[in-house]
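The structure under discussion appears below in the form of structure tokens.
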Amino acid sequence: MPDLTPEEFRRLGHEVVDWVAGYRERLEDLPVRSEAEPGWVRGSLPDELPEHPQPLSALLADMDEIVVPGTTHWQHPSFFGYFPANASLASLLGELLSSGLGVQGMLWSTSPAATELEQHLLDQLAVASGLGEAFTFGGGGGGVIQDSASSAALAALLAALHRGSSGWRESGTDGLETAYVSPETHSSLAKAVRIAGLGADALRVVGTEPGTTAMSADALSATLATDVGSGRKPVLVCATVGTTGTGACDPVRSIASACVEHGAWLHVDAAWAGAAALCPELRGPFDGIELADSYCADAHKWLLTAFDASILWTRHGTALPDALSVTPEYLRNAATESGEVVDFRDWHVPLGRRFRALKLWAVLRCLGMEGVREHVRSHVAWAAELAQWVRADPGFELAAEPSLALVCLRVRTGRGPQADDEASRAVLERVNASGAAMLTHTRVAGRYLVRVAIGSVGTQRRHVVALWDLVRATAAEVTTSPAATGSPGDTDQPLLDHGDDQVRVPGEEAPGRQPPGPRGRR
């Protein structure tokens with residue numbers, strides 16, 4: 001079956017771009033969270049695959065009628081749930097260029113541009129992020145774009161295992177290797193330990209600093225000393241800058257000292273927060289990252305680049321290839337044998353790799369570093385403002401200190417922790433059910449808290465204001481003692497001024513819209 005001709009692609013491509021642009025234009029009118037019931041999407045699809053070619057209009061109709069109603073809209077300006085997935089339109093242009101080239105960038109020889117553009121770009125970002133020359137290829141280190149921070153953590157662990165035992169590649173682990181995390185470290189580290197065959201007993205959860213959720217460097221030192229004394233082999237410590245739950249920032253510099261003393265590899269996970277390091281005034285939580293052995297920041301979270309694009313840097317440019325390189329005859333070539341090039345297939349688990357650097361490059365070329373920094377700074381400023389509103393309202397409390405663009409809060413009922421937790425859960429569920437915004441939760445020390453993660457591409461201050469108004473109004477509905485002085489039910493408290501630029505309520509221009517429900521197969 002022949003492919004589209006370039007002219008057909010040009011014509012249909014215009015229609016697809018128009019559809020994407022139209023979707024982004026009307027995104028604010030859609031409910032943030034999908035209202036589809038389980039099985040609705042599958043029940044709306046045809047029973048059989050098409051036997052004959054169909055017009056693009058049929059596919060776009062399915063997008064409107066099935067895919068969009070069955071989608072939770074991560075690019076919605078009122079998406080405050082998980083950390084952002086910034087699929088900026090600028091990055092989509094780079095994604096299109098990458099897909100159009102269709103290269104397989106596993107070796108330098110299979111696409112010199114894919115390799116060298118990535119090297120050049122990540123060297124520049126390492127310096128711009130404050131990592132320094134040691135994390136560049138010229139400085140003996142280097143960076144690689146992985147698919148996710150989970151893959152980056154696994155690659156770092158494998159490099160650490162290899163460095164910790166020269167015979168690891170041949171004989172594997174000996175059951176004494178140990179990795180160290182905090183209670184808030186991302187679950188991908190526990191999964192990496194499992195995948196690497198170390199077992200759950202190899203994972204140590206280190207205590208936190210009193211009154212915080214950040215790892216205690218003193219507790220880490222004590223745990224490392226105890227393990228070494230009992231014959232264990234500390235392999236890797238993961239410090240986090242901006243944990244998923246509360247945005248906690250571990251004391252990297254102090255942790256690095258403990259790692260050096262006991263020969264452990266220090267991996268710093270800044271998957272979400274890493275973009276903030278591009279702003280010099282926001283680098284406080286990143287103090288000591290230049291001492292890490294590896295460092296990860298997701299471009300596909302806060303750096304405006306469509307998923308997937310997670311950057312892993314290391315100070316040890318040979319560590320990943322030494323641990324991961326396997327070279328069958330069909331991959332041998334003159335460029336590789338010369339030792340003058342980098343083959344990124346040796347820097348991660350998969351052999352194949354896409355030209356991910358193009359979409360990141362497109363973002364930086366279209367928006368500039370100035371635009372990226374403004375994007376980050378505005379979100380941090382709005383989060384600080386939201387935290388002030390929470391502090392000033394007796395019906396709420398901050399459940400953790402604000403971290404960059406993440407604010408954690410809970411409702412205060414005046415009737416104890418359990419009532420506060422139940423009210424906070426009810427507020428979150430009602431806000432999400434409204435379609436006007438989306439939030440997520442976590443628990444710290446058994447207490448329920450609501451997370452507000454500011455960071456979507458289209459989010460503006462008015463959306464944060466509208467969220468706060470909605471949260472307060474919802475708290476008034478779920479609180480059982482609205483007459484209590486200063487309670488969330490005190491409706492005499494004025495809502496914040498939105499200004500002239502009002503937030504639209506999803507569906508207000510389409511009163512006949514019905515939530516997706518069961519429908520017959522077509």
Looking at Arg315 and Asp293, is there a salt bridge between them, counting it only when a charged N and a carboxylate O are closer than 4.0 Å? yes
Would you name the heavy atoms of Val380 and Trp302 that are closest together and state the gap between them? CG2-CH2, 3.8 Å
Run the salt-bridge test on Glu422 and Arg415 with the 4.0 Å N-O cut-off and return the result as yes or no. no
What is the distance from atom OG of Ser294 to atom CG of Asp269, rounded to the nearest 0.5 Å? 9.5 Å
Given the rule in the side chain to side chain contact (heavy atoms under 4.5 Å, CB included) test, do Glu261 and Val228 qualify, once you have shown the distances and angles that lead to the verdict? CA-CA 11 Å; Glu261 182 180 355; Val228 170; over 6 Å; no
Report the C-alpha separation of Leu320 and His348 in whole Å, then their side-chain angles, then the decisive distance to 0.1 Å, and conclude whether the side chain to side chain contact (heavy atoms under 4.5 Å, CB included) test is met. CA-CA 7 Å; Leu320 290 169; His348 49 49; over 6 Å; no
I'd like to know whether CD of Gln418 has more than 12 heavy-atom contacts from other residues, nucleotides or ligands below 6.0 angstrom. no
How far apart are the closest heavy atoms of Phe83 and Ala453, and which atoms are they? CD2-CB, 4.1 Å
Do you know which two heavy atoms are closest between Asp421 and Gly446, and how far apart they sit? OD2-O, 4.1 Å
Taking side chain as C-beta onward, heavy atoms only, is Leu467 less than 4.5 Å from Leu439? yes
Residue from Leu157, Leu236, Leu203 passing side-chain contact (heavy atoms from CB on, under 4.5 Å) with Leu189: Leu236
Taking the basic N atoms (NZ, or NE/NH1/NH2) and the acidic carboxylate oxygens, is any pair closer than 4.0 Å for Arg410 and Glu397? yes
No-hydrogen, no-angle side-chain donor-acceptor test under 3.5 Å, Thr223 and Thr226: no
Would a line drawn from the ring center of Tyr82 to the ring center of Trp74 be shorter than 6.0 Å? yes
Do the non-hydrogen side-chain atoms of Val181 and Val193 ever get within less than 4.5 Å of each other? no
Start with the C-alpha distance between Leu224 and Arg204, add both sets of side-chain angles, then the distance that settles side chain to side chain contact (heavy atoms under 4.5 Å, CB included), and finish with yes or no. CA-CA 9 Å; Leu224 286 167; Arg204 297 285 188 270; over 6 Å; no
Hey, are the side chains of Trp382 and His463 touching, using non-hydrogen atoms and a 4.5 Å cut-off? no
Within-4.5 Å side-chain heavy-atom neighbours: Val450 and Val427: no
Around atom CD of Glu370, are there more than 12 heavy atoms from other residues, nucleotides or ligands closer than 6.0 Å? no
Between the side chains of Thr243 and Glu184, is a donor N or O closer than 3.5 angstrom to an acceptor N or O? yes
Show the nearest heavy-atom pair for residues His267 and Ala152, with the distance to one decimal. CE1-O, 4.4 Å
Decide if atom CZ of Arg194 counts as having more than 12 heavy atoms of other residues, nucleotides or ligands within a radius under 6.0 Å. no
Is Glu401 salt-bridged to Arg391, cutoff N-O under 4.0 Å? yes
With the side chain counted from C-beta on, respond yes when Val260 and Leu291 share a heavy-atom pair under 4.5 Å apart, and no when they do not. no
Could you report the tightest heavy-atom contact between Val206 and Pro183, atom names first, then the distance? O-CD, 3.2 Å
Closer than 3.5 angstrom, by distance alone: can the side chain of Thr440 be matched with the main-chain N or O of Gly81 as a donor-acceptor pair? yes
Under 6.0 Å between ring centres, would you say that holds for Phe135 and Trp313? no
Heavy atoms, side chains only, cut-off 4.5 Å: are Ser34 and Thr71 in contact? no
How many angstroms lie between CG in Leu398 and SG in Cys408, if you round to the nearest 0.5 Å? 9.0 Å
How long is the span from the NE2 atom in His375 to the OG atom in Ser456, to the nearest 0.5 Å? 8.5 Å
With under 30° as parallel and over 60° as perpendicular, where do the rings of His76 and His73 fit, or are they tilted in between? tilted
We want to know whether Thr178 and Arg232 form a side-chain donor-acceptor pair, criterion being a heavy-atom distance below 3.5 angstrom. yes
Any carboxylate oxygen within less than 4.0 angstrom of a Lys/Arg side-chain nitrogen, looking at Arg253 and Asp287? yes
Could you give me the CA-CA distance, side-chain angles and deciding distance for Ser257 and Ser254, then say whether side chain to side chain donor-acceptor pair (under 3.5 Å) is met? CA-CA 5 Å; Ser257 297; Ser254 300; over 6 Å; no
Does either side chain, that of His262 or that of Asp227, offer a donor lying less than 3.5 Å from an acceptor on the other one? no
Rounded to the nearest 0.5 Å, the CZ atom of Phe79 sits from the CG atom of Leu27 at a distance of 11.5 Å
Spatial distance of atom CD1 (Ile454) from atom OG (Ser378) [nearest 0.5 Å]: 9.5 Å
Do you know the tightest heavy-atom contact between Phe286 and Ala270? CE2-CB, 4.1 Å
Min side-chain heavy-atom separation Val452-Val471 under 4.5 Å: no
What do the steps show when you test Thr442 against Leu449 for side chain to side chain contact (heavy atoms under 4.5 Å, CB included), and what is the final call? CA-CA 6 Å; Thr442 191; Leu449 59 88; 3.3 Å; yes
Hey, could you give me the OH/CD distance between Tyr23 and Gln75, rounded to the nearest 0.5 Å? 7.0 Å
Heavy-atom side-chain proximity of Phe307 to Asp298 below 4.5 angstrom: no
